[in-house]
2 protein chains.
Amino acid sequence: MVAGPRRRGAALVKALHSAVLEELDEVGLGRLTMDGIARRAGTARTTLYRRWANPGELLLSAIGEAYPVEEPSPVAGELRADLIRSLELLVEWARHPTARAVQAILAERRAHPELAARLDELFDASGRRFTATVLDHHARLGTIAPGSVTPLVENLGEAMVVKHWIDVGREPDREYLVQIVDQLILPVLGDRSAVAGPCAGP
Amino acid sequence: MVAGPRRRGAALVKALHSAVLEELDEVGLGRLTMDGIARRAGTARTTLYRRWANPGELLLSAIGEAYPVEEPSPVAGELRADLIRSLELLVEWARHPTARAVQAILAERRAHPELAARLDELFDASGRRFTATVLDHHARLGTIAPGSVTPLVENLGEAMVVKHWIDVGREPDREYLVQIVDQLILPVLGDRSAVAGPCAGP
DNA sequence: ACTTATCGCTACAGTTGTGTATCTTACTCC
DNA sequence: GGAGTAAGATACACAACTGTAGCGATAAGT
């Protein structure tokens with residue numbers, strides 16, 4: 001903490017929101033403490049207790065502040081480019097500390113059921129839709145067959161990105177996103193041009 | 001702890017392995033303590049310290065004991081049935097506490113980098129291959145075009161199952177696994193029979 | 001049965017975090 | 001520039017966990 005003018009109100013809250021997200025990254029969900037967060041934010045524990053009862057509440061408040069995310073609509077025109085763009089937006093979103101916080105809570109659902117339940121509420125309102133937005137749009141336009149856009153297909157891109165994150169621990173590079181679109185999403189939609197092998201078997 | 005004959009050696013270690021996995025489920029990775037594990041196992045803390053230096057070591061030891069998993073080869077004959085079976089095996093594996101432990105460590109990579117690194121070592125030797133085994137087998141047989149089995153395709157099934165687990169918090173039912181195969185994997189491999197919509201767009 | 005390794009128990013000082021109370025300091029607004 | 005409000009500092013009793021030490025008690029091997 002740099003010694004500046006004394007913070008209060010919204011500015012202070014914002015600083016504490018940052019602090020709890022940083023703390024989460026460093027110590028993990030289970031070791032979040034009012035003490036640690038206060039220390040990191042350079043303030044007194046009493047200040048935290050005036051607003052939140054425990055680290056979980058503080059964390060939820062930090063997550064809630066970042067929502068609803070303004071999702072720039074990735075619908076420009078061409079299907080393939082739109083899909084790639086939507087995955088890039090997903091990665092961008094996931095890069096944000098808030099996204100990691102969500103991930104951390106969901107991963108330890110069993111250990112923190114109340115926290116997970118509260119989180120689900122936060123999310124039901126503003127769903128995360130990335131490739132789904134693009135697919136729905138193009139299905140309505142007729143670019144792709146409406147019947148081929150199932151819930152599973154809508155989840156495909158997100159699933160591959162999440163899996164990569166879990167396995168490797170880093171975000172996927174652009175090349176990987178392109179491969180997801182070319183090797184998986186487009187073929188599933190019926191576009192066989194981008195993958196090896198003809199439509200019917202050899 | 002039921003008061004039975006005093007455990008020692010391998011039996012004791014096994015009990016402690018169970019205890020640490022149960023404890024992980026209940027309190028999460030960050031709140032694992034020697035104290036809590038010892039209490040749950042009905043033994044003294046000193047007994048734990050005689051073998052492991054901290055809860056992380058104990059947990060790794062518990063995970064290591066469960067490996068290498070004997071993966072029953074899900075290759076019976078027909079591609080579709082084999083794929084479904086391989087996903088069922090994946091779900092079965094993921095149901096085991098050990099799998100949840102792995103998941104917990106990977107989810108908090110940033111907070112526990114040493115633990116994650118040690119885990120990666122454990123895994124590099126015996127990789128988890130479920131649908132991949134089936135795909136490789138059938139590619140060698142010529143049932144499917146070898147060129148269509150890319151690393152992404154091999155990961156597709158696992159990714160969808162993992163994503164479901166994260167989003168819903170429960171394991172997917174059989175119906176969902178069938179949909180993964182019929183709506184995603186088979187279409188990507190070039191089999192258009194199981195999904196709505198013609199091969200070329202309308 | 002006798003020995004030996006090891007397990008369970010108790011105790012201890014030290015550390016960290018909790019939640020509250022109290023008091024001083026410094027912004028903000030009129 | 002004075003009043004009111006909110007932040008920061010300090011102190012406290014309490015609780016949980018740590019890591020080590022010492023001492024029976026008990027299972028296993030000969």
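First the proteins, then the strands, lettered A, B, ... as listed; each starts at 1.
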### Task
In plain terms, say whether A/E171 and A/R95 are close enough for a salt bridge, that is, a side-chain N and a carboxylate O under 4.0 Å apart.
yes
### Message
Less than 4.0 angstrom from a charged side-chain N to a carboxylate O is my criterion; do A/E57 and A/R118 meet it?
### Response
yes
### Message
If I take atom OH in residue B/Y49 and atom P in nucleotide D/dC17, what distance separates them, rounded to the nearest angstrom?
### Response
11 Å
### Query
Could you state the CD-P distance from A/E23 to C/dT16, rounded to the nearest angstrom?
14 Å
### Task
Could you tell me the separation between the CG atom of A/N54 and the C1' atom of C/dT18, rounded to a whole number of Å?
11 Å
### Query
For A/R100, does the CZ atom have more than 12 heavy-atom neighbours from other residues, nucleotides or ligands under 6.0 Å away?
yes
### For atom CZ of B/R31 and atom C1' of D/dA16, their distance in whole Å
11 Å
### Query
Taking the side chain of A/D35 as its heavy atoms from C-beta onward, which of D/dA27, D/dT18, C/dT18 lies nearest to it?
C/dT18
#### Entry: Electrostatic pair B/R140-B/D136, nearest N-O below 4.0 angstrom
no
### Sugar-phosphate or base contact per nucleotide [nucleotides 1-13 of chain D; S, B, -; heavy atom under 4.0 Å]
----BBBBBB---
### Task
Calculate the interatomic distance between B/R40 atom CZ and D/dA16 atom C1'; express it in whole Å.
16 Å
### Query
Which atom names give the shortest non-hydrogen contact between B/T98 and B/A66, and what distance separates them?
OG1-CB, 3.7 Å
#### Entry: Nearest heavy atoms of A/P172 and A/V161, plus distance in Å
CG-CG1, 4.1 Å
## Note on the structure
note: B/M34, atom CE; D/dG19, atom P; distance rounded to Å ~ 7 Å
## Note on the structure
When rounded to whole Å, the CZ to P distance for the pair B/R39 and D/dA16 reads 8 Å
